[in-house]
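Just so we're on the same page: letters track the sequence lines, and every chain starts at 1.
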Amino acid sequence: MPELPEVETVRRSLLLRLQGRQILWVETSAATLRQGAGAGRWRSCVGAYLADITRRGKYLVFELDDWAAVLHLGMSGRLLARRSGEAVLPHTHLRIGFEGGWELHFIDPRRFGVAVLLAAREVTSWVPLAQLGVDALDGDLEAALASLADSRAPIRNALLDQRRIAGLGNIYANEALARAGIRPTVPAGRLTPARRARLAEAIRSTLADALAAGGTTLADGGFVDAAGEGGYFAVSLAVYGRDGQPCRRCGRAIHRVVLAGRSAYYCPRCQR
DNA sequence: AAGCCAACCTGGACGC
DNA sequence: TGCGTCCAGGTTGGCT
């Protein structure tokens with residue numbers, strides 16, 4: 001569910017409500033996430049103040065004095081800023097109580113998410129973060145795409161590799177390729193410099209538009225921001241999830257193919 | 001050694 | 001109504 005625009009939308013809506021507040025208590029549930037620290041360690045951030053929340057790719061880093069909470073939403077994760085006294089929703093794995101009656105709830109039915117508390121100085125060397133490539137929103141995408149010159153992997157797959165470009169998921173990888181007029185199956189190393197430049201620009205504009213729309217909330221209502229509000233970029237999707245439907249530009253039916261086990265979508269006329 | 005593939009887990013949509 | 005099958009915004013470890 002959550003790719004860069006969704007994670008960034010959550011980050012901003014959380015900051016609005018929680019920045020500068022002190023942590024009063026922390027509660028973790030028994031069910032483990034893909035990666036999670038034990039309840040004992042989480043307790044050590046009680047008393048800390050939330051100075052800032054930063055984002056690296058799809059990860060959020062909560063700066064808590066000498067500590068840092070690193071969160072990843074996986075496929076089904078939600079972060080909600082709730083008022084104390086509100087019901088605890090099913091699949092809530094972590095609750096952090098802040099001054100002012102605010103609580104941060106991490107909810108994740110499929111439990112592919114990550115929630116770890118690190119010492120602040122451990123953050124940059126923590127392996128999942130250390131391995132991330134340039135950020136899709138403000139990194140040097142031209143250089144990252146040029147580094148794929150030897151790759152024979154389909155460009156859609158290469159765009160999902162977080163070690164090259166961090167932040168794209170299946171929706172925005174497909175959407176950016178549609179904007180750039182590039183078929184998802186084209187080998188990454190076969191793109192000309194001109195096409196790489198067009199793709200870099202398409203990634204930037206796609207993410208910017210999605211961010212302006214507050215992210216993509218599909219029909220199942222999966223993604224919501226800290227206040228529980230969905231985004232409205234779904235109505236702007238050119239190809240993702242639209243197989244069999246007409247291309248918005250030329251009218252031809254959108255095709256779906258499976259690459260590396262995951263759906264890829266494209267217009268057979270507009271994308272070569 | 002790059003690049004597939006299944007696995008992790010739950011819920012929702014669909015067909016019979 | 002119910003049950004079975006398929007699919008999903010991500011990441012990773014193990015295989016070729």
Side-chain angles (χ1 to χ4, degrees), chain A residues 1-11 29-36 55-60 70-79 89-93 106-116 126-133 136 147-177 184-190 206-207 210-211 213-225 230-244 256-265:
Chain A
M1 167 211 336
E3 305 179 31
L4 189 152
E6 290 74 36
V7 176
E8 179 63 20
T9 297
V10 173
R11 185 187 75 83
S29 78
T32 59
L33 298 165
R34 182 161 54 87
Q35 282 189 60
R55 183 190 54 75
R56 288 269 285 127
K58 301 170 194 170
Y59 287 85
L60 289 176
V70 181
L71 271 54
H72 189 292
L73 299 175
M75 289 276 265
S76 58
R78 292 180 175 193
L79 282 170
L89 299 172
H91 307 294
T92 299
H93 300 109
F106 186 16
I107 301 155
D108 186 9
R110 291 179 71 180
R111 290 194 271 135
F112 290 174
V114 174
V116 292
W126 190 62
V127 170
L129 289 182
Q131 286 182 342
L132 293 180
S147 78
L148 294 167
D150 294 331
S151 173
R152 291 185 297 111
I155 183 63
R156 197 294 310 265
N157 296 3
L159 291 179
L160 294 179
D161 184 351
Q162 304 296 301
R163 295 167 304 182
R164 302 276 184 174
I165 297 173
L168 294 177
N170 204 25
I171 294 178
Y172 298 111
N174 278 283
E175 290 298 307
L177 287 168
T185 50
V186 172
R190 297 280 287 276
T206 302
L207 294 179
L211 197 48
T216 298
T217 299
L218 267 11
D220 66 5
F223 164 72
V224 292
D225 71 5
Y232 51 89
F233 192 70
V235 297
S236 306
L237 293 175
V239 291
Y240 183 83
R242 298 192 65 243
D243 58 308
R256 181 180 89 100
V257 293
V258 175
L259 300 175
R262 309 187 66 192
S263 294
Y265 304 88

Participant: Starting at the 5' end of DNA chain C, which residue's closest nucleotide do you reach first, A:His72 or A:Arg110?
Facilitator: A:Arg110
Participant: For the NE2 atom of A:His72 and the CZ atom of A:Arg56, what is their distance to the nearest 0.5 Å?
Facilitator: 12.5 Å
Participant: Would you tabulate the pairs of protein nitrogen or oxygen atoms and nucleotide nitrogen or oxygen atoms of nucleotides 3-7 of chain C closer than 3.5 angstrom?
Facilitator:
none

Participant: Can you name the side chain to side chain donor-acceptor pair (under 3.5 Å) partners of A:Asp161, sequence neighbours left out?
Facilitator: A:Arg163
Participant: I'd like a list of close polar pairs between nucleotides 14-16 of chain C and the protein, N/O only, cut-off under 3.5 Å.
Facilitator:
none

Participant: At the 4.0 Å heavy-atom cut-off to chain A, mark where contacts on DNA chain B begin and end, going 5' to 3'.
Facilitator: B:dG3 to B:dG11
Participant: Quick one: A:Leu237 CG to C:dA8 C1', roughly how many Å, whole number?
Facilitator: 14 Å
Participant: Run the salt bridge (Lys or Arg N to Asp or Glu O under 4.0 Å) test against A:Arg55 and tell me which residues pass, sequence neighbours left out.
Facilitator: A:Glu8, A:Asp135
Participant: In the structure I gave you, are the side-chain heavy atoms of A:Ile107 and A:His91 within less than 4.5 Å of one another anywhere?
Facilitator: yes
Participant: Taking C:dC6 as the reference, what is the distance to B:dA6 when you measure between their P atoms (whole Å, please)?
Facilitator: 13 Å
Participant: Side chain to side chain donor-acceptor pair (under 3.5 Å) with A:Arg256: which residues, sequence neighbours excluded?
Facilitator: A:Ser263
Participant: Under a cut-off of 3.5 Å for both distances of each Watson-Crick or G-U pair, what dot-bracket string does DNA chain C give, using [ ] for crossing pairs and | for inter-strand pairs?
Facilitator: .|||||||.|||||||
Participant: Expressed in angstrom and rounded to an integer, what is the separation of A:Met75 atom CE from C:dT11 atom C1'?
Facilitator: 10 Å
Participant: For DNA chain C, which residues in residues 152-170 of chain A have a heavy atom at a distance below 4.0 Å?
Facilitator: A:Gln162, A:Gly169, A:Asn170
Participant: Please name the pair of heavy atoms, one in A:Arg11 and one in A:Leu60, separated by the smallest distance, quoted to 0.1 Å.
Facilitator: CB-CD2, 3.7 Å
Participant: Round to the nearest Å and state the distance from A:Glu6 atom CD to C:dA8 atom C1'.
Facilitator: 14 Å
Participant: Quickly work out the A:Leu129 CG to C:dT12 P distance and round it to whole Å.
Facilitator: 11 Å
Participant: Test of understanding: with side chain to side chain contact (heavy atoms under 4.5 Å, CB included), list the residues that count as partners of A:Ala158, not counting sequence neighbours.
Facilitator: A:Leu148, A:Ile155, A:Ala188
Participant: Is there a side-chain contact between A:Arg262 and the phosphate of C:dA8, meaning an N or O under 4.0 Å from OP1 or OP2?
Facilitator: no
Participant: Checking A:Ser147 now: which residues fulfil side chain to side chain donor-acceptor pair (under 3.5 Å) with it, not counting sequence neighbours?
Facilitator: A:Arg164
Participant: Under the rule for side chain to side chain donor-acceptor pair (under 3.5 Å), what residues qualify as partners of A:Thr206, not counting sequence neighbours?
Facilitator: A:Arg179
Participant: Mind checking what makes ring pair (Phe, Tyr, Trp, His ring centres under 6.0 Å) contact with A:Tyr265, not counting sequence neighbours?
Facilitator: A:Tyr240
Participant: Looking only at heavy atoms, which two atoms of A:Val114 and A:Phe106 are closest? And how far apart?
Facilitator: O-CE2, 3.6 Å
Participant: Considering only atom P, compute the distance from C:dG14 to B:dC9 and round it to an integer number of Å.
Facilitator: 16 Å
Participant: Quick one: closest heavy-atom pair of A:Asn170 and A:Arg262, and the distance?
Facilitator: CB-NH2, 3.7 Å
Participant: Starting from P on C:dG10, measure out to CG on A:Asp108 and report it in whole angstrom.
Facilitator: 13 Å
Participant: When the ring planes of A:Phe233 and A:Tyr172 are compared, do they come out parallel, tilted or perpendicular, using 30° and 60° as the limits?
Facilitator: tilted
Participant: Would you say A:Thr92 and A:Ser29 make side-chain contact, with heavy atoms under 4.5 Å?
Facilitator: no
Participant: Less than 4.5 Å apart, any side-chain heavy atom of A:Glu175 and any of A:Val239?
Facilitator: yes
Participant: Is the closest side-chain heavy-atom distance between A:Leu73 and A:Phe223 below 4.5 Å?
Facilitator: no
